[in-house]
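Beneath this line is the structure, given in structure tokens, with notes to follow.
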Amino acid sequence: MPASDYDAIILGGGISALTVALQLQMKGYAVVVIDKPAGSGAAGLPAGLANPAYGREAKKSWESEACIESLYRLSELADVRKNDWQEGWTQWLEPGEAAERFPLVQTKYGALWIQVGMTIDLPCLLTELRTKLNTMGSTLYSATTSDVYEGRNNHTVAADGRELRSPRIIFAPGSGIGDYPQWSSLKFNRVKGQVTAAAFSGFSDPGCSVASSGYAAFTGYNRVVVGSTYEHTWQNSSPSHETGRELIARFRNMCPQIGESLTHADNWAGIRLTTPDRKPCVGAHWEIRGFYCIAGMGSRGLLMAPLAAELIADHIHSNKKIPAQIDVTRFYRTRRFMNRT
Ligand SMILES: Cc1cc2nc3c(=O)[nH]c(=O)nc-3n(C[C@H](O)[C@H](O)[C@H](O)COP(=O)(O)OP(=O)(O)OC[C@H]3O[C@@H](n4cnc5c(N)ncnc54)[C@H](O)[C@@H]3O)c2cc1C
């Protein structure tokens with residue numbers, strides 16, 4: 001039997017993969033992370049909001065408080081700046097109220113106000129996580145292909161000519177999970193989305209990020225990321241200039257004064273992997289020992305992935321049960337999700 005090279009191989013390089021890697025590394029596991037070359041997946045998102053509530057009723061999403069706490073723990077581990085999160089953290093503002101509190105923000109319908117805007121600069125967070133993993137001794141590779149071969153005691157990943165063996169493989173490749181036949185019976189929805197990152201001048205940061213008809217995530221340094229679209233049918237995953245113009249127009253409705261001063265815009269598009277119940281899909285494979293997945297973060301990955309990653313690391317390390325609400329087997333058992341055509 002060939003010896004294993006690592007305690008765990010993690011496929012992916014987004015927030016899910018890097019957080020699982022960090023959690024396992026902290027528990028003493030020797031981990032290797034294999035990512036595709038820069039720019040692929042939803043990991044390329046320039047910024048987003050960790051929004052714990054849906055719509056006008058500010059209905060909380062899955063384990064929203066626990067997700068925020070987990071995101072805080074992650075930001076501390078990765079040494080990135082965090083905000084304080086207190087009681088009474090969401091409120092729906094009617095149009096007049098929103099304009100009065102935030103004169104630079106204008107909305108016809110009202111807006112969901114979150115006490116301290118959880119604006120996530122994703123490239124910054126991922127860079128800090130990679131740095132942290134490097135300093136803790138994890139190995140990080142970039143590879144255009146990563147083929148997986150099942151074994152009895154050890155599985156093998158062939159990544160651009162390297163062969164790596166481990167008893168555990170954690171699949172966290174975002175929408176890339178569809179490339180692996182071992183998981184192909186999970187029929188996720190693939191929803192395309194676009195954001196536009198723009199620079200503005202003459203105004204200081206408005207002091208909040210906005211989620212109204214879309215969102216405006218202010219990232220400091222006079223930059224705003226405006227998002228996002230939801231395209232359920234699409235031909236290719238590239239961003240379009242036309243959609244970029246629509247997003248800028250949307251931003252000008254939300255923040256007319258700042259909108260007038262926009263000087264430069266870059267478009268970015270990515271694919272969200274979503275589940276029918278809008279909760280993550282996490283846990284051990286139903287047949288293959290040592291295979292795990294963390295996927296299906298949909299439009300809330302910045303919020304949900306840190307908690308999902310803690311849960312799967314605890315499951316791997318101490319066999320702690322994955323909550324039924326997010327366990328991958330909820331789809332396997334009910335067949336509600338699998339083998340759908
Ligand atoms: C337009 C848009 C706007 C969004 N806005 C928000 C927002 O405001 N708030 C929010 O919470 N979420 C938002 N999201 C969703 C969020 O980006 C995702 O939920 C999150 O990025 C998922 O993280 P992940 O690590 O699971 O997957 P990804 O971020 O997709 O990362 C997957 C990684 O795996 C790599 N990979 C792919 N295939 C392979 C392979 N075969 N082998 C190895 N590596 C591979 C990719 O290169 C990538 O690095 C948005 C998404 C889009 C598209």
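Order of appearance sets the numbers: ligands from 1, and atoms from 1 within every ligand.
Using a 4.5 Å cut-off on side-chain heavy atoms (C-beta onward), Trp62 and Arg300 make no contact. Counting heavy atoms from C-beta on, the side chains of Phe218 and Phe200 come closer than 4.5 Å. Considering only heavy atoms from C-beta on, Met304 comes within 4.5 Å of Ser61 through its side chain. Counting heavy atoms from C-beta outward, Phe188 and Cys281 have side chains that approach closer than 4.5 Å. Contact annotation: the side chain of Leu122 approaches that of Leu302 to within less than 4.5 Å [non-hydrogen atoms, C-beta and beyond]. Glu65 is listed as a side-chain neighbour of Lys60, based on a closest heavy-atom distance under 4.5 Å. Contact check for Leu74 versus Leu129: side-chain heavy atoms found under the 4.5 Å cut-off. Counting only heavy atoms from C-beta outward, the side chains of Ile120 and Ile15 never approach each other to under 4.5 Å.
The shortest N or O to N or O distance between Gln194 and ligand 1 is not under 3.5 Å. Any N or O atom pair closer than 3.5 Å counts here, and Ser228 shares no such pair with ligand 1. Checked by distance only, ligand 1 and Arg272 stay at 3.5 Å or farther apart across all their nitrogen or oxygen atoms. Between Trp268 and ligand 1, not a single N/O pair is under 3.5 Å apart. Below 3.5 Å of separation, one finds no N or O of Leu122 facing any N or O of ligand 1. Close N/O approach between Ile271 and ligand 1 is not found [any backbone or side-chain N/O within under 3.5 Å]. Not a single N or O atom of Val195, backbone or side chain, sits closer than 3.5 Å to an N or O atom of ligand 1. For ligand 1, the polar-atom distance check finds no N/O of Pro37 at less than 3.5 Å from any of the ligand's N/O atoms. For ligand 1, the polar-atom distance check against Ser16 finds a nitrogen or oxygen pair separated by under 3.5 Å. The N/O atoms of Leu11, backbone and side chain alike, include none that comes under 3.5 Å of an N/O atom in ligand 1.
Trp183 and Phe291 have parallel rings, their planes meeting at less than 30° on a 0 to 90° scale where 60° marks the start of perpendicular.
Contacts of Ile34 with ligand 1, taken as heavy-atom pairs under 4.0 Å, involve the backbone alone. Both the backbone and the side chain of Pro173 come within 4.0 Å of ligand 1, counting heavy atoms alone. With a 4.0 Å heavy-atom cut-off, ligand 1 is reached by the backbone of Leu302 and by its side chain too.
Residue Asp179 places every heavy atom at 4.0 Å or more from ligand 1. The closest approach between any non-hydrogen atom of Ala305 and ligand 1 is not below 4.0 Å. Residue-ligand proximity: Gly227 is placed with every non-hydrogen atom at 4.0 Å or more from ligand 1.
Nearest residue to atom 13 (C) of ligand 1 from Gly174, Gly48, Ser299, Gly13 is Ser299 (criterion: closest heavy atom). Looking at Gly298, Ala159, Ala217, Ser175 and measuring to atom 16 (C) of ligand 1, the nearest heavy atom belongs to Gly298. Nearest-heavy-atom check against atom 1 (C) of ligand 1 across Gly178, Cys293, Gly193 picks out Gly193. For atom 53 (C) of ligand 1, the choice among Gly214, Gly270, Ala47 with the nearest heavy atom turns out to be Gly270. When the options Asn51, Leu126, Leu45, Val33 are ranked by their closest heavy atom to atom 50 (C) of ligand 1, first place goes to Leu45.
Of all atoms in ligand 1, listed by their number and element, those nearer than 4.0 Å to a heavy atom of Asp35 are 34 (O), 35 (C), 44 (N), 46 (C), 47 (O), 48 (C), 49 (O). Numbered from 1 in the order shown, with element, the atoms of ligand 1 that lie under 4.0 Å from a heavy atom of Ser146 read 40 (C), 41 (N), 42 (N), 43 (C). Interface atoms of ligand 1 facing Tyr180, defined by a heavy-atom separation under 4.0 Å, are 40 (C), 41 (N), 42 (N). Atoms of ligand 1 lying under 4.0 Å from at least one heavy atom of Leu303, given by number and element, are 11 (O).
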Test ring-ring contact (aromatic ring centres under 6.0 Å, His included) on Phe171 and His285 and set out the steps.
CA-CA 10 Å; Phe171 293 75; His285 196 279; 8.4 Å; no
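Tyr230 is not connected to Ile271 by any chain of hydrophobic side-chain contacts under 4.5 Å among Ile, Leu, Val, Met, Phe, Trp and Tyr, and they are in different clusters.
Within 6.0 Å of atom CZ in Arg252, more than 12 heavy atoms from other residues, nucleotides or ligands are found, so the atom counts as buried in its surroundings.
Results of the side-chain contact (heavy atoms from CB on, under 4.5 Å) test with Tyr6 over Leu164, Ile169, Val33 single out Leu164 as the only residue that passes.
Not one N or O on the side chain of Lys279 forms a donor-acceptor pair closer than 3.5 Å with the backbone of Pro276.
Tyr149 belongs to no hydrophobic cluster with other residues, because no ILVMFWY side-chain heavy atom falls under 4.5 Å from its own, directly or through intermediates.
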